[in-house]
Visitor: 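Below is a structure I'd like to ask you about.
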Amino acid sequence: MQLARADLLKAYRTMALIRVFEERVQREMSSGDIPGSTHLYAGQEASAVGISMHLTDIDRVASTHRGHGHSIAKGCDVDGMMAEIFARATGICHGKGGSMHIADLDKGMLGANGIVGGAPPLACGAALTAKLTGSGAVAVAYTGDGGFNQGTTAESLNLARVWDLPVIFAIEDNGFAEATASSWAVAGDIVVRAAGYGIPAERVDGTDVFAVHEAAGRAVARGRAGEGPTVLHITVPRYLGHFSGDADTYRSSAEKQAMRSERDCLKVFRAKVVPAGLIDEAELDAIDAEATAAVEGAVVAARAAPRPDPATVATDVYVSYP
Amino acid sequence: MPRKSFRQALNEAMRLEMRRDPRVFVMGEDVAGGKGASGEQDAWGGAFGVTKGLLAEFGPERVRDTPITESAFVGAAAGAAMTGLRPVVEIMFVDFMGVCFDQIFNQAAKFRYMFGGKAVTPMVLRATFGAGTRSASQHSQALYPLFTHIPGLKVVVPSSPYDAKGLLIQAIRDDDPVIFLEHKAMYDDMGEVPDGAYVVPFGEAGVLRDGGDVTIVAYGRMVGRAMEAAARLARDGIEATVVDPRTTSPLDIDTIVETLEETGRLVIVDEAYPRCGMASDIAGIVAEEAFGLLKAPIQKVTPPHAPVPYAPELEAAYIPSVEKIEAAVRKAVGWTR
Amino acid sequence: MSAAVTPVRMPRYGMTMTEGAVARWLVTPGETVAAGQDLAEIETTKITNVETAAVAGVLRRAVVEAGRIVPVGTLIGVIADAGVPDAEIDAVVATQSALVDDAADTDAGPVDEVVPVGALSIALRRTPGAGSSDTVPVVLIHGFGGDRDNWMFVETRLAAERPVLALDLPGHGASGTEIGDGTLATLAAAVTGLMDTLNLPRAHLVGHSLGGAVALAAAAARPEAVASLSLLAPVGFGPEIDGTYIAGFLAAERRKDLKDILGRLFADADAVERRMIDDVLRMKRRDGVPEALATIAAALFPDGRQAVDLRADAASLACPVAVVWGEADRIIPIAHTEELPTGFTVTRIAGAGHMPQLEAPAEVVRALRDGFARAGA
């Protein structure tokens with residue numbers, strides 16, 4: 001636990017913000033004001049936060065359909081994200097992308113991605129840019145236990161090793177690819193598979209932001225030092241269904257209850273820092289309240305924001321098109 | 001003006017742009033050839049020798065051999081383009097884009113739109129296409145309509161060495177993802193090509209011949225056949241205008257319609273499949289926008305709705321021939337209500 | 001075939017022409033023609049030109065009817081004496097109409113080359129002409145935004161008397177795009193430098209528009225190198241110039257925009273054919289050309305006016321000077337001919353615009369030859 005107090009506070013603040021954001025989106029889905037569907041990150045917060053604590057804006061992350069947490073952790077504007085999810089003109093993508101395509105290239109967030117296994121090749125490309133320009137940046141490919149089975153991931157692991165790309169494959173294993181258990185769908189072992197490519201890999205408890213932070217620190221250092229890729233197999237709970245309309249009947253309520261009581265990264269964090277006297281309980285409660293207020297503000301602003309002008313339906317397709 | 005092959009024109013385009021812009025690099029399977037082997041390190045220069053010699057000038061960082069993993073390196077090209085580089089990727093055969101189609105049409109093509117206009121993805125995917133080399137169904141297709149269908153992509157099908165160089169330079173300088181298709185039977189075609197850099201813009205058709213009786217629209221290798229048919233027809237007093245749109249997306253429909261104001265008859269020659277191909281696309285647009293100019297039904301000259309065959313006799317029957325183009329023109333010119 | 005039978009073939013005008021159409025026969029078969037008489041209108045993809053009879057005789061056959069496009073070198077007609085029997089004429093037609101005789105282009109035809117001149121590279125086309133080794137050659141210098149193909153209708157005719165050299169100015173045609181400061185002095189030095197490089201001690205300089213000013217500046221700088229000066233609608237004789245043309249030429253990026261702009265060059269704006277537009281666009285799309293043209297325009301035509309006045313230089317020239325101007329010139333007004341120095345001959349061509357060498361080549365050739373003759377070389 002080598003983190004400075006400011007870093008500890010920041011880690012908790014970001015995790016709390018993601019949690020509140022996701023639970024609020026889940027609630028707002030039923031209001032009917034959010035079109036389409038969303039895939040929520042609640043329960044997985046320590047993963048994105050533990051990794052992003054090592055990253056700056058020059059480092060790139062490519063994300064998944066479950067991308068809100070990655071976006072917030074990478075510094076995307078919460079108001080813009082909420083407005084996007086509400087499909088407003090003020091959204092971070094002007095209402096053209098929605099939940100599954102939130103991106104902010106200036107923040108190094110290369111986009112949530114609607115295609116499972118979409119991120120690894122893109123992150124390899126961002127890592128190649130870093131390598132060819134000598135920027136010292138790294139790239140993170142987020143994918144899940146489902147995405148790890150995709151051919152794109154297999155090809156990317158191979159390419160990243162062959163080219164020694166500074167890329168971190170963050171495999172967030174939440175136990176389920178949609179409604180199918182990873183215990184059934186993933187053959188063998190993710191860490192062992194990575195080893196087959198000659199890529200250093202470790203399994204990390206994704207409810208413990210300290211553990212993620214430490215493992216990610218090793219991976220990022222390896223990348224920045226020109227030592228190539230790393231695989232982090234991060235086990236996390238998925239509190240909610242695969243998507244916002246998922247009745248989630250394939251998991252028992254006991255299992256879901258246990259998940260929340262025993263595998264909550266916010267509680268794990270408190271259990272580590274409060275007894276150790278690093279941060280007061282009250283201070284953390286205040287951060288929770290701030291997060292709630294911030295998300296409330298984002299929702300109010302999103303609801304009040306204008307909807308996109310139908311005349312923009314075919315703009316932004318090309319940079320130029322005669 | 002110096003005469004150069006199609007292959008040499010393309011090589012020059014990449015070489016000049018790599019000299020001009022350090023962000024430009026090429027990658028693909030065996031674009032150098034010999035990586036990790038004990039012998040020559042520029043053994044192939046691509047499966048068709050188009051990138052030959054680039055390794056010596058630009059080195060292995062900018063001339064990157066890849067494993068045979070199209071999804072990974074095409075997706076990586078998209079990621080590299082989105083983060084500031086300008087990759088030029090070689091896919092040996094357009095047919096192979098089947099294995100990395102997601103990277104092209106769900107990723108690269110859509111970043112800009114999905115991200116509300118913030119992304120710029122300047123990448124070029126070069127691939128060979130086309131029948132005529134006895135390569136059968138998985139190495140011979142003319143798949144440009146597939147990519148034309150996708151908003152966000154630009155699609156180039158050059159028909160001459162001059163155009164090939166100027167269009168490839170434009171493609172590399174372009175800020176949108178470009179699919180650049182080279183007919184594999186045309187690499188040794190010769191033509192006048194200036195030494196320096198120049199561009200041929202997208203969305204501007206070339207008019208290769210002016211004639212008052214019929215407009216023949218053709219792409220790629222079919223342009224030469226259209227020109228030959230036009231020369232034959234001229235002996236019988238039938239004068240054809242031959243239009244090569246050069247790019248399927250954007251499509252210069254204006255020039256086609258402009259020529260129809262004089263000719264009133266349209267024959268479209270397309271090496272792609274007949275359904276949802278360029279012939280049907282152009283026919284549809286012309287029927288919609290210029291119906292009043294037409295004096296005869298639009299004629300399409302395409303292969304049958306069948307994969308490309310192997311046997312020479314079958315392949316000859318498959319590809320639109322000069323005779324078929326001629327016959328279509330005669331049908332259009334001779335048509336009476 | 002008897003010596004008195006002369007085949008008429010589809011001519012080649014300029015390097016890019018591969019075929020042409022007989023737009024209209026101006027003589028009916030059976031009519032007698034004089035050498036040099038207008039014979040037929042030939043329509044190329046660039047512009048329409050009138051082909052004149054090479055010999056006197058009777059137009060016995062018009063083999064290619066009006067409207068047909070045929071390759072360069074194709075037999076289009078037969079001129080012969082009235083006494084040659086029809087059977088002989090028919091035999092010529094029968095044996096030759098399927099042949100494409102391009103020999104004139106391959107034998108002593110024009111040669112394109114690129115020559116380094118100091119830091120510049122100058123593209124040129126040499127047409128080996130008649131005359132002895134001491135015949136003074138003619139050097140043709142095109143105008144702003146033009147190239148050597150602007151002379152395509154006059155080159156061959158001039159080559160009947162003397163070697164012809166048509167160059168591309170720096171920043172134009174196939175020449176390099178290095179143009180330095182783009183001033184007249186720099187462009188004139190390119191021309192005299194080219195003559196030095198090619199070992200041409202003396203030449204008749206023919207300049208069109210901007211090329212006229214370049215030729216004049218070259219003559220003023222190196223009078224011994226210039227036998228005579230022929231200026232077609234030259235720059236340098238007054239402040240007026242069509243600024244819309246200059247600005248429009250620089251700005252036009254697409255065929256449609258450029259067509260309107262190039263139309264201003266001609267008395268008949270419809271004379272501009274697609275190929276001419278395509279060729280200009282090709283030039284403008286070479287790396288460095290737009291910048292080079294803009295530099296020249298800024299140096300010589302700032303704010304849509306001519307910045308350089310050469311009238312004093314012109315008055316001090318010792319060599320013969322012929323001036324040719326189209327009466328319908330919309331780029332530089334023909335009024336500039338009104339205050340020319342004494343001794344200049346002036347040919348005003350009715351019905352021609354700013355491009356008399358393309359619009360009225362026969363008259364231009366006549367005026368040029370008169371000018372060369374006055375130099376006695």
Side-chain angles (χ1 to χ4, degrees), chain B residues 1-3 12-13 16-17 19-21 160 162-163 165-167 169-170 172-173 191-213 227-228 230-244 246 250 252 254-259 262, chain C residues 10 15-16 18-23 43-46 48 64-71 74 97-98 100 111-114 121 123 125 147-149 168 171 173-178 252-259 273-279 281-290 292:
Chain B
M1 205 186 292
R3 287 179 68 76
E12 254 179 34
L16 290 169
E17 289 311 289
R19 281 181 193 158
R20 176 179 176 269
D21 186 345
S160 71
Y162 180 92
D163 281 1
K165 179 172 170 181
L167 288 166
I169 290 176
Q170 173 59 41
I172 294 170
R173 294 180 187 179
E192 290 187 340
V193 179
D195 289 332
Y198 60 91
V199 297
V200 172
F202 293 168
E204 183 182 284
V207 180
L208 285 87
R209 182 186 175 106
D210 284 295
D213 297 319
M227 287 295 282
E228 202 182 324
R232 288 196 198 177
L233 289 157
R235 287 184 214 136
D236 292 342
I238 298 173
E239 296 296 349
T241 291
V242 177
V243 178
D244 167 15
R246 296 184 183 131
D252 181 3
D254 291 351
T255 294
I256 295 171
V257 169
E258 210 174 278
T259 69
E262 202 185 333
Chain C
M10 176 56 68
M15 289 311 288
T16 51
T18 54
E19 57 185 20
V22 177
E43 189 178 300
T44 73
T45 48
K46 284 196 176 192
T48 299
V64 171
E65 70 274 22
R68 252 184 78 192
I69 301 170
V70 294
T74 304
S97 48
V100 173
V111 179
D112 284 288
E113 56 192 308
V114 180
S121 90
R125 175 166 56 241
D147 66 18
R148 60 194 133 143
D149 266 0
D168 288 341
S175 284
T177 52
E178 177 54 51
E253 286 181 358
R254 295 273 159 170
R255 216 182 261 145
K256 207 167 254 174
D257 305 329
L258 192 61
K259 184 176 169 52
E273 300 285 352
R274 200 189 317 269
R275 178 59 78 87
M276 179 180 289
I277 301 165
D278 282 350
D279 283 355
L281 282 175
R282 278 188 174 201
M283 178 177 85
K284 277 171 55 87
R285 287 166 179 165
R286 287 174 50 211
D287 272 16
V289 168

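Computed from a prediction, not measured in an experiment: that's the story for all the values here. Order of the sequence lines fixes the chain letters, A, B, ..., with proteins taken first and strands second; residue numbering starts at 1 for each chain.
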Visitor: State the CG-CZ distance between B:L208 and C:R274, to the nearest 0.5 angstrom.
Guide: 10.0 Å
Visitor: Is any NZ, NE, NH1 or NH2 atom of the basic residue among C:D287 and B:R173 found under 4.0 Å from an Asp or Glu carboxylate oxygen of the other?
Guide: yes
Visitor: Counting heavy-atom pairs under 4.5 Å with chain B, which one of C:R254, C:E253, C:R286 comes out on top?
Guide: C:R254
Visitor: Quick check on B:E258 against chain C: is it the side chain, the backbone, both or neither that has a heavy atom closer than 4.5 Å?
Guide: side chain
Visitor: Indicate the atoms forming the closest heavy-atom contact of B:D210 with C:I69, along with that distance.
Guide: O-CD1, 3.1 Å
Visitor: If I measure from the heavy atoms of chain C, does B:A240 come under 4.5 Å with its side chain, its backbone, both, or neither?
Guide: neither
Visitor: For the CD atom of B:Q170 and the CZ atom of C:R285, what is their distance to the nearest 0.5 Å?
Guide: 9.0 Å
Visitor: Between C:E65, C:K284, C:M283, C:R255, which shows the greatest number of heavy-atom pairs under 4.5 Å with chain B?
Guide: C:R255
Visitor: Got a salt bridge between B:E204 and C:K256, using NZ or NE/NH1/NH2 to carboxylate O under 4.0 Å?
Guide: no
